[in-house]
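Just below is one structure, and these are the notes that go with it.
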Amino acid sequence: MTEVETASAAATGIAMATEKAAKELSPEEERVLIRDIALTAEANTKEGDSFFLITQKWWQHWIDYVNQDQQPNNSNNNEGSSSLSGNSDSNGVGISKRPSGIDNSDLISDGPAEDANSDDGVEIHDTLLEGRDYVLLPQQVWNLLYSWYGGGPALSRKVINSGLSQTEFAVEVYPLRLQLLVTPKGDRSTIRISKKETIGELHRRACEIFHLNLEQVISDVCIWDYYGHRKHALMNDMDKTLDDANIQMDQDILVEVLNNVNDTVVTDGTSIIDNGFADKEATSVLLEPSKSSLSIAGGLSANKIASKGYSAEQLQNQTLGYPSKESDNNFGNSGVSTRGTFGGLTGLLNLGNTCFMNSAIQCLVHTPEFARYFREDYHQEINWQNPLGMVGELALAFGELLRKLWAPGRTPVAPRPFKAKLARFAPQFSGYNQHDSQELLAFLLDGLHEDLNRVKHKPYVNSRDADGRPDEEVADEYWANHIARNDSIIVDVCQGQYKSTLVCPVCNKVSVTFDPFMYLSLPLQFATTRSMTITIFTCDGSALPSTCTITVPKQGRYRDLIQAVSNCCSLKQTEEIKLVEIRNHLIHRFLDDSFVSLSTIKDDDHLAAYKIQKSAKGNVLLQLIHRRQEQETSDAQRWKPFGTPLVSSLSCDDVIRSGVIQTIVQTMLTPLLKEGIEYSDDSDPSTSGMARDPSDHGSGEVDTNRASTSINKVLPKLPLQLVDESKTCIDLSAGDEKAINLSAMSHVVVYLDWKSKLLEKYNINYLENLPEVFKYGPITKKARTEPLSLYTCLEAFLREEPLVPEDMWYCPQCKEQRQASKKLDLWRLPEVLVIHLKRFSYSRSMKHKVETFVNFPIHDFDLTNYVADKRSSRSQLYELYALTNHYGGMGSGHYTAHIKLLDENKWYNFDDSHISPINEEDVKSAAAYVLFYRRAKSDTSGTSSAGSRRARDKTSYKH
């Protein structure tokens with residue numbers, strides 16, 4: 001069905017539904033109709049379409065109502081509670097009543113609408129989260145629900161283009177809220193306007209609000225980007241969008257009304273000549289946002305999958321003000337006292353879900369090297385021209401905030417100016433949503449590095465592959481090339497180097513590179529191995545099916561699994577294993593590509609392994625599919641697959657007789673024959689089958705011990721049907737001499753129809769109830785009591801593993817994309833080692849947080865044995881001095897920081913504005929998220945130490 005036909009069908013469905021009264025529709029009819037319309041609408045979404053907010057509470061009530069008649073599905077459904085698929089989170093207790101009218105009142109702010117000219121005339125709360133507070137529905141879905149249930153109010157939002165390429169669609173839940181200030185009248189007004197509207201539209205709205213003459217908009221009214229109460233740019237390009245002009249949420253816009261003489265501005269009776277300030281002022285360079293899956297600037301919702309959970313924080317200050325005047329002395333000492341008093345015990349106010357920012361900032365602020373650097377005069381190192389930086393603004397904002405936090409006194413600081421700068425250069429962190437503290441930290445370290453990069457003109461460097469050269473030579477070359485382009489306090493303190501080795505699985509080409517790192521992201525996994533349960537079948541009638549549980553490397557490949565199965569079943573040299581995945585009693589796929597990662601096999605999959613004779617050239621596989629009759633209606637029956645298919649090897653002859661196939665199938669089923677059954681056949685004796693040696697037909701030898709029970713016994717003729725290349729079924733029970741042409745067939749599918757009399761002669765229980773690869777059970781006492789070690793996490797990070805299919809490597813020798821194996825080794829460690837524990841995982845259908853407790857060392861974190869470069873005599877011992885914690889679930893929860901003041905040798909808990917001492921034994925918890933380690937027994941001579949380290953790194957490894 002084409003998109004046009006689909007849309008037409010959906011429109012027809014809407015028309016029929018509106019004609020039919022809601023009370024006449026069953027819950028199932030409502031569910032199916034809404035599902036189909038929603039899928040069609042979202043598939044055809046385009047810019048300018050309308051989506052409607054609806055309260056999550058009402059939506060969940062409706063979901064429970066329409067799903068109440070559904071039978072429980074398998075427990076592995078991960079589509080969340082707000083599902084139209086027919087599965088809900090309800091436990092099946094009770095019957096959900098039909099919802100009353102739609103009530104969106106809990107989404108609406110109590111205050112008056114800030115913009116009377118807004119589309120819906122109502123203002124929603126600033127801190128709403130999709131999936132927690134509301135869901136977004138296409139207009140067609142809203143119209144249908146509203147026609148059935150009524151209520152409201154309607155909260156419509158537009159679809160806009162988003163992303164760097166402007167090709168992604170997002171719903172602009174929170175249009176820009178701008179503060180308009182008009183001079184010389186001094187009036188103020190707040191408006192809501194889409195970031196995709198033009199400056200011309202902003203002009204029109206401003207003139208309309210302040211009753212200015214629209215005909216004189218261009219000549220007599222100037223609109224300025226008045227971010228931070230400073231003129232940043234004259235907004236005179238009427239076709240430019242506010243997004244392109246980098247206008248931010250809650251910022252000020254200055255509306256200047258000029259008189260017609262000499263283009264002067266009348267302000268309190270004083271004429272000020274416009275000197276073209278805006279044209280001369282340097283514009284900020286927007287740094288490419290990091291890839292964040294948690295939020296998008298301005299409250300955009302780009303995610304149609306609702307995220308569960310609730311925010312553990314309260315909005316402490318909803319009105320974000322700006323200083324009327326910024327400090328003129330950006331480089332003074334700001335009254336910081338460095339002697340005679342312990343500073344650094346100043347908290348940060350929570351501006352509304354900003355604990356993620358506060359915790360990361362406190363850890364950086366209390367890094368001794370950074371505290372010393374930013375409290376001195378660092379302006380000479382600011383790189384004002386770096387196109388990758390933020391023209392020094394991020395460094396200045398961070399430095400000013402650091403000085404305030406180290407100043408005497410303990411009055412909490414409101415980090416509004418810093419957050420405003422952050423939102424300006426990293427829009428993904430704007431607004432009041434919760435974000436990932438580690439993602440912010442990564443952005444800050446990278447942004448500060450670019451702002452403070454001492455390299456003003458980056459040279460072109462060409463890093464060569466190792467090509468057999470000594471690792472030491474290659475590593476020094478890569479590091480020298482890196483320092484030639486990247487040289488800052490961040491590199492001095494936080495950057496290390498690791499060795500990356502890629503091996504092609506086909507030609508064994510080895511590629512070695514040495515790359516810098518700012519932090520290590522370690523996986524949280526106990527086991528390095530994985531248990532898998534597989535059922536093994538023989539095709540020669542020698543044994544009953546057996547189930548075995550084997551252990552394979554967690555990051556292994558199919559070849560590891562095949563080898564383990566071969567060892568388990570004592571495979572002979574003349575035999576081979578065919579591994580398959582079974583779905584719905586059919587062979588879903590053969591797992592025959594030995595280089596595919598085992599991660600593609602899920603724990604709830606069903607695997608079978610078949611022992612067959614090694615295939616001669618041209619041999620084909622015979623797949624035996626079992627079927628039995630099932631009653632569909634009172635007078636109709638249908639043959640349906642059941643049990644586990646069997647596989648055997650078939651001779652490569654172009655033509656084969658039906659009797660040969662009968663013999664092969666009878667041989668495979670021999671172990672299932674029941675003892676004490678008299679085997680007779682009602683058919684012509686000439687068509688009866690004898691158990692004979694099937695090796696003549698390429699399917700292997702029969703075990704004489706097992707087969708002796710049926711020698712000289714007439715086996716029952718089996719009702720077999722073969723499917724040929726034209727999908728036609730050929731009856732194989734009519735005679736043994738029927739010729740079957742196999743020349744055009746890559747494999748042979750044969751159906752065995754089990755009638756009741758035949759079922760009495762075989763024990764088919766062995767063919768049923770194929771176990772899952774791994775069945776989850778209760779957590780053992782051992783697993784609960786043994787904590788996961790940070791060393792174990794590091795070893796998992798460094799372990800060799802295949803690349804994921806999305807990150808295939810181009811092999812220069814094969815000239816093909818290959819799923820190479822990758823091995824990492826630590827080569828050069830930084831002064832401050834930042835370790836990120838990967839607690840959060842994301843996939844298409846779910847988000848997950850790992851709550852595992854990690855036992856990390858506070859003292860003597862020894863990495864000596866993990867550093868591959870053995871030339872350096874420097875200490876590889878590290879001491880923990882700070883960490884961030886995350887409490888709660890995905891997309892919500894709360895961040896804090898534990899920090900050790902080195903001058904006091906005491907630990908403190910930094911919980912936004914509240915700071916309290918803690919014992920060292922309380923530092924460890926399952927909430928630990930990002931760990932900050934400092935090299936033990938290192939120099940304490942400030943940045944000169946970092947500088948000397950840089951000099952050593954450049955000179956000490958020469959050959």
Side-chain angles (χ1 to χ4, degrees), residues 342 344-345 359-360 362-372 437-438 441 492-496 517-524 526 785-798 826 828-839 852-870 872-886 896-910 915-942 945-946 949:
F342 291 131
L345 289 177
S359 61
Q362 290 286 15
C363 290
L364 290 180
V365 162
H366 288 85
T367 298
E369 291 82 357
F370 294 155
R372 192 174 298 110
S437 177
Q438 185 272 333
L441 179 67
D492 297 342
V493 175
C494 291
Q495 283 202 348
F517 67 85
M518 194 89 75
Y519 53 87
L520 300 178
S521 289
L522 305 187
L524 303 189
F526 275 97
T785 57
E786 291 186 357
L788 177 64
S789 166
L790 184 61
Y791 290 105
T792 302
C793 298
L794 179 60
E795 290 163 4
F797 172 74
L798 299 176
L826 298 179
R828 188 187 313 256
L829 294 180
E831 294 300 309
V832 170
L833 179 61
V834 181
I835 295 180
H836 163 226
L837 304 178
K838 296 175 69 173
R839 294 198 177 276
T852 302
F853 172 76
V854 177
N855 185 20
F856 51 90
I858 296 177
H859 303 287
D860 298 331
F861 182 34
D862 190 358
L863 296 176
T864 304
N865 295 332
Y866 297 94
V867 178
D869 184 10
K870 303 302 181 183
S872 177
S873 60
R874 303 181 66 195
S875 168
Q876 309 295 359
L877 284 176
Y878 284 82
E879 299 283 320
L880 184 75
Y881 72 92
L883 69 151
T884 64
N885 303 294
H886 181 269
T896 67
H898 292 336
I899 296 173
K900 183 180 183 179
L901 261 63
L902 300 181
D903 290 337
E904 296 186 42
N905 197 31
K906 291 183 180 179
W907 283 91
Y908 290 87
N909 178 47
F910 285 71
I915 300 174
S916 57
I918 58 172
N919 296 322
E920 185 172 275
E921 55 266 26
D922 296 327
V923 169
K924 296 183 182 182
S925 75
Y929 185 39
V930 181
L931 309 175
F932 290 76
Y933 283 94
R934 189 166 182 253
R935 191 189 296 273
K937 301 177 183 179
S938 60
D939 296 334
T940 57
S941 56
S945 168
R949 175 216 172 200

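Numbering starts at 1 and runs along the sequence shown.
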Rounded to the nearest 0.5 Å, the OG1 atom of T864 sits from the CG atom of L826 at a distance of 11.5 Å
Tightest non-hydrogen contact, residues Y881 and P368, listed as CE1-CD, 4.4 Å
- prompt: Is it true that a side-chain atom of Y519 and a backbone atom of C494 form a donor plus acceptor pair closer than 3.5 Å?
  reply: no
Exercise for review: Determine whether V854 and L522 make a side-chain contact, defined as any pair of heavy atoms from C-beta on separated by less than 4.5 Å.
Suggested key: no
Closest heavy-atom pair, N909 versus A897, reported as atoms and distance to 0.1 Å, is OD1-O, 3.4 Å
Per salt bridge (charged side-chain N to carboxylate O under 4.0 Å, His left out), R935 is matched among E831, E369, E879 by E831
- Task: Indicate yes or no: at least one non-hydrogen side-chain atom of P830 is less than 4.5 angstrom from one of V493.
- Result: no
Rounding to 0.5 Å, atoms NE2 (H836) and SG (C793) come to a distance of 11.5 Å
Exercise. Do the side chains of H886 and S437 get nearer than 4.5 Å, heavy atoms only?
Worked result: no
NE2 of H898 to CD of E920, rounded to nearest 0.5 Å, is 12.0 Å
In this structure, CG of L883 is separated from OG1 of T896 (nearest 0.5 Å) by 7.5 Å
Taken to the nearest 0.5 Å, the spacing of L877 CG from L863 CG works out to 8.5 Å
Rounded to the nearest 0.5 Å, the CG atom of L833 sits from the CG atom of L931 at a distance of 9.0 Å
For H366, the ring-ring contact (aromatic ring centres under 6.0 Å, His included) test, sequence neighbours excluded, returns W406, F910
